[in-house]
Protein chains: 2
Amino acid sequence: MRKQKKTNASIYADAVDVLPGGVSRNTIFHKPYPHYVAGAKGCVVTDIDGVERVDFANNMASLIHGHAYPPIVEAVTKQLQIGTAYTLATEIEVRYAQHLTSRAPDFDKIRFVNSGTEAVMSMVKAARAFTGKSKIAKAEGSYNGTYDYVEVSQVSSPDNWGDIDRPNRNPLAYGTPQGVLDDVVVYPFNDIERTLALLDENADDIACVLIDPIPHRVGLFEATDEFVEAIYFWTRKNNALMVFDEVITFRTNYGGAQQNYRVKPDLTALGKMIGGGFPVGAFAGRSDVMSVMDPNENPLRLPHSGTFSANPITMTAGYVAMKDFDEQAVLDLNSMTAKAISQIRDAIRVADVPMSISGSGSMFRLHPRKTKPLSYRKAFQTPQEKTVMTKVLDHLFYKENIIMVNTGTCMFSTAIGQKEVDQLSQGMLNAFKAVGDELNKVYTETHLK
Amino acid sequence: MRKQKKTNASIYADAVDVLPGGVSRNTIFHKPYPHYVAGAKGCVVTDIDGVERVDFANNMASLIHGHAYPPIVEAVTKQLQIGTAYTLATEIEVRYAQHLTSRAPDFDKIRFVNSGTEAVMSMVKAARAFTGKSKIAKAEGSYNGTYDYVEVSQVSSPDNWGDIDRPNRNPLAYGTPQGVLDDVVVYPFNDIERTLALLDENADDIACVLIDPIPHRVGLFEATDEFVEAIYFWTRKNNALMVFDEVITFRTNYGGAQQNYRVKPDLTALGKMIGGGFPVGAFAGRSDVMSVMDPNENPLRLPHSGTFSANPITMTAGYVAMKDFDEQAVLDLNSMTAKAISQIRDAIRVADVPMSISGSGSMFRLHPRKTKPLSYRKAFQTPQEKTVMTKVLDHLFYKENIIMVNTGTCMFSTAIGQKEVDQLSQGMLNAFKAVGDELNKVYTETHLK
């Protein structure tokens with residue numbers, strides 16, 4: 001029997017039999033089928049059909065040096081020879097902890113877990129254990145992983161988001177317990193007055209206010225200094241913690257997005273790039289708060305373990321990745337990203353399309369409208385807008401061989417150079433021209449009616 | 001300046017400055033300091049002080065072939081060259097999904113995540129999304145990961161466990177929301193009459209009954225056929241699911257512990273060994289239930305993704321590990337474990353100590369009493385019993401160079417041979433003799449007073 005050539009379509013035909021919807025992660029789902037990787041190196045990903053694409057998504061922001069970064073390959077190959085996980089400790093977890101805690105002034109102590117989801121969940125539980133209170137506050141529209149509490153109102157839409165003075169608490173999943181909804185306060189990001197009013201109503205019960213300082217799905221714009229300071233001082237007065245989700249945003253500065261603010265979070269969740277391409281999460285912060293997990297304490301307020309937490313492969317890869325993402329590398333990467341944004345702004349002008357760009361550091365997001373939105377509700381896309389944005393992204397993927405995050409976002413890696421930036425901005429120009437009429441039509445119908 | 005020789009003690013001295021309690025996982029905490037691994041191969045782990053120990057813990061049951069298993073090292077080294085994670089799919093996740101779903105008749109579809117904690121959490125959420133109900137039932141004393149709901153009554157003790165007819169719902173962590181406790185029914189494992197009575201009281205609200213078929217921390221004994229069948233038929237009648245936590249127990253048979261029962265779970269959580277030594281979790285089960293995550297469905301009842309889920313490193317390592325853990329390998333490993341148990345029973349007789357052994361397949365647990373306990377409350381150890389068990393384990397660790405799980409449990413790997421089994425049983429004999437007087441004293445005081 002002759003072996004048939006494998007294609008994206010043929011593998012997907014097998015996948016649908018054993019994976020729900022044929023995919024392991026809904027983010028990689030793509031109609032008519034997802035694409036299967038044959039190999040990747042630096043900023044180039046080749047699929048099983050032989051198509052090479054430039055990667056501006058980097059596994060949802062997790063590969064700061066692109067694919068198969070030689071120093072990581074070398075270090076991990078060496079570690080593989082002596083094991084990947086033990087029931088004992090390893091020196092590398094200590095050295096990497098020393099490095100990460102040195103990057104931000106309020107990272108007294110750190111604990112590693114296996115994903116951003118686990119990082120945020122553990123951080124919320126630590127805040128509860130420290131304060132003895134149950135409720136959390138989180139921003140309308142923000143994605144903070146798959147722990148039920150932080151999923152509340154993650155995808156609120158005009159038909160269910162309610163009055164902005166008191167955003168509705170919408171479950172993401174069917175069957176979410178009412179108790180989850182009752183214990184979450186949903187605040188409008190960057191809206192000081194409304195947020196403080198909501199917090200005040202729940203002052204006795206709030207363990208922590210969770211802030212992603214540049215929330216991707218809210219719109220990828222920065223929390224204002226005033227907002228962060230208002231939350232900080234509110235939490236000081238009300239026996240609550242201010243905790244940051246920097247799983248994505250830590251890349252924006254040597255010490256994370258928090259470096260930009262005068263006040264610092266009590267705890268910070270990390271993930272993505274700090275694993276050097278391997279599964280990871282972590283949370284770091286104040287010694288007294290982190291001590292809720294210290295097995296020397298009696299009573300131990302937050303018993304906490306994990307089979308693969310701080311495994312030496314992730315620690316080795318992460319340490320190499322982050323040591324090489326030093327202050328100069330951060331500046332260089334941010335500057336390359338700024339160059340890309342500038343060139344894409346030119347493309348927007350030349351194509352004369354209603355498109356704006358938000359972002360910070362080494363990441364930015366396209367919005368199908370003339371002015372950069374500054375709130376979740378302003379950034380929210382109608383089904384028509386989503387459809388036209390998908391056309392832009394599909395043009396980029398299929399015609400220009402460019403991989404972006406499905407929200408219209410780029411997460412740069414240090415493997416990207418001027419050549420790829422030129423390909424990106426030229427590709428954007430082509431996409432804007434190809435989809436320009438529709439972009440203008442949808443914009444007019446949505447915003448000028 | 002001369003570089004000081006690194007020791008377990010010197011590394012730990014650095015660790016306490018940056019990690020809460022100086023550890024990344026409380027399970028590896030050891031007084032006066034944890035031990036740091038210099039390297040491992042097969043069943044031998046060498047610490048930084050140069051001491052070689054035989055590993056019967058295998059990173060809490062996650063290394064079915066021991067450390068640095070050559071076929072895994074080879075396959076992962078190859079994959080490393082072409083990347084560790086992408087924003088696209090990979091063929092290996094499909095092939096591995098085909099393999100795993102072929103091992104158990106009711107694994108129609110599977111989804112991968114990053115840890116056992118994520119597997120159980122996602123499985124519970126899938127059960128809620130499918131049934132539209134919120135509550136879960138779980139066994140008193142069972143460990144099912146760190147999702148708050150499944151942590152309820154994980155460490156209940158005589159002072160707080162309440163009446164066996166209605167075990168108390170005890171939070172594990174400080175600050176656990178009351179809503180979590182309200183949505184959990186705690187049942188006494190293997191106690192059909194009491195469990196059904198508790199389930200009946202909550203029949204309208206129960207999304208799933210969670211069963212670990214051989215729960216390690218309950219006492220590592222098997223769920224009876226009658227118990228599993230009673231739960232199965234109750235869930236059929238009450239629009240609920242029966243879901244298994246086989247994160248640890250899947251190793252006991254080619255198709256998991258569920259192979260032993262005539263009725264099968266609707267969903268099963270997996271983890272540990274299926275990652276081949278890398279971070280992993282998964283849940284598998286009925287097509288119609290798993291479709292709650294299918295992105296083709298509208299509405300999508302359980303939006304579900306994960307940055308590192310099904311990453312090609314874990315998939316590659318896991319697939320190699322499980323293909324090589326075929327039906328014959330399972331039989332051989334179980335038979336080697338049975339041999340060990342038999343030799344340890346001889347050691348118990350020779351040393352004349354009150355010690356019994358429970359377990360199944362390739363795992364077993366020591367209990368400091370003459371008869372194997374058959375309930376959580378019978379298996380529960382007093383502080384005196386825990387202290388004397390720690391003395392046995394410390395003797396084994398320090399004097400006999402044997403690593404076991406800190407509950408007195410062994411999780412075998414295929415790297416263990418007759419030589420290591422002899423070392424284990426001889427080590428046990430020595431430990432029993434050394435601690436025998438105390439074992440007898442504690443037993444008399446606890447059980448014969």
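Here the structure is a predicted model, which is why all the values come from computation and not from measurement. Below, read A as the first sequence line, B as the second, and so on, with proteins coming before strands; counting in each chain starts at 1.
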Contact origin within [X] toward chain B - heavy atom pairs under 4.5 Å:
X	answer
A:Val73	both
A:Ala317	neither
A:Asn58	backbone
A:Met121	side chain
A:Tyr86	both
A:Ala40	both
A:Tyr149	side chain
A:Asn114	both
A:Ile403	side chain
A:Leu63	side chain
A:Pro171	neither
A:Asn8	neither

Chain B interface, residue from A:Lys135, A:Gln81, A:Glu297 that has the most non-hydrogen pairs under 4.5 Å: A:Gln81
In terms of heavy-atom proximity below 4.5 Å to chain A, should [X] be classed as side chain, backbone, both, or neither?
X	value
B:Ile313	side chain
B:Gln79	neither
B:Asp182	neither
B:Val76	both
B:Ile48	side chain
B:Asn311	side chain
B:Ala127	neither
B:Val16	backbone
B:Pro70	neither
B:Ala85	both
B:Tyr96	neither
B:Ser287	neither
B:Val23	both
B:Thr77	both

Distance-only side-chain donor-acceptor flag, B:Asp148 / A:Tyr147, under 3.5 Å: yes
Residue pair B:Thr27 / A:Ser305, side-chain donor-acceptor N/O under 3.5 Å: yes
If I take atom [atom1] from residue [X] and atom [atom2] from residue [Y], how far apart are they, to the nearest 0.5 angstrom?
X	Y	atom1	atom2	answer
A:Phe308	B:Asn59	CZ	CG	6.0 Å
A:Asp55	B:Leu88	CG	CG	7.0 Å
A:Ile11	B:Glu91	CD1	CD	4.0 Å
A:Lys125	B:Thr146	NZ	OG1	4.5 Å

Under 3.5 Å: donor-acceptor pair, side chain of B:Arg128, backbone of A:Thr176: no
Criterion side chain to side chain contact (heavy atoms under 4.5 Å, CB included) on B:Gln98 and A:Asp17, from CA distance to verdict: CA-CA 8 Å; B:Gln98 288 175 322; A:Asp17 287 338; over 6 Å; no
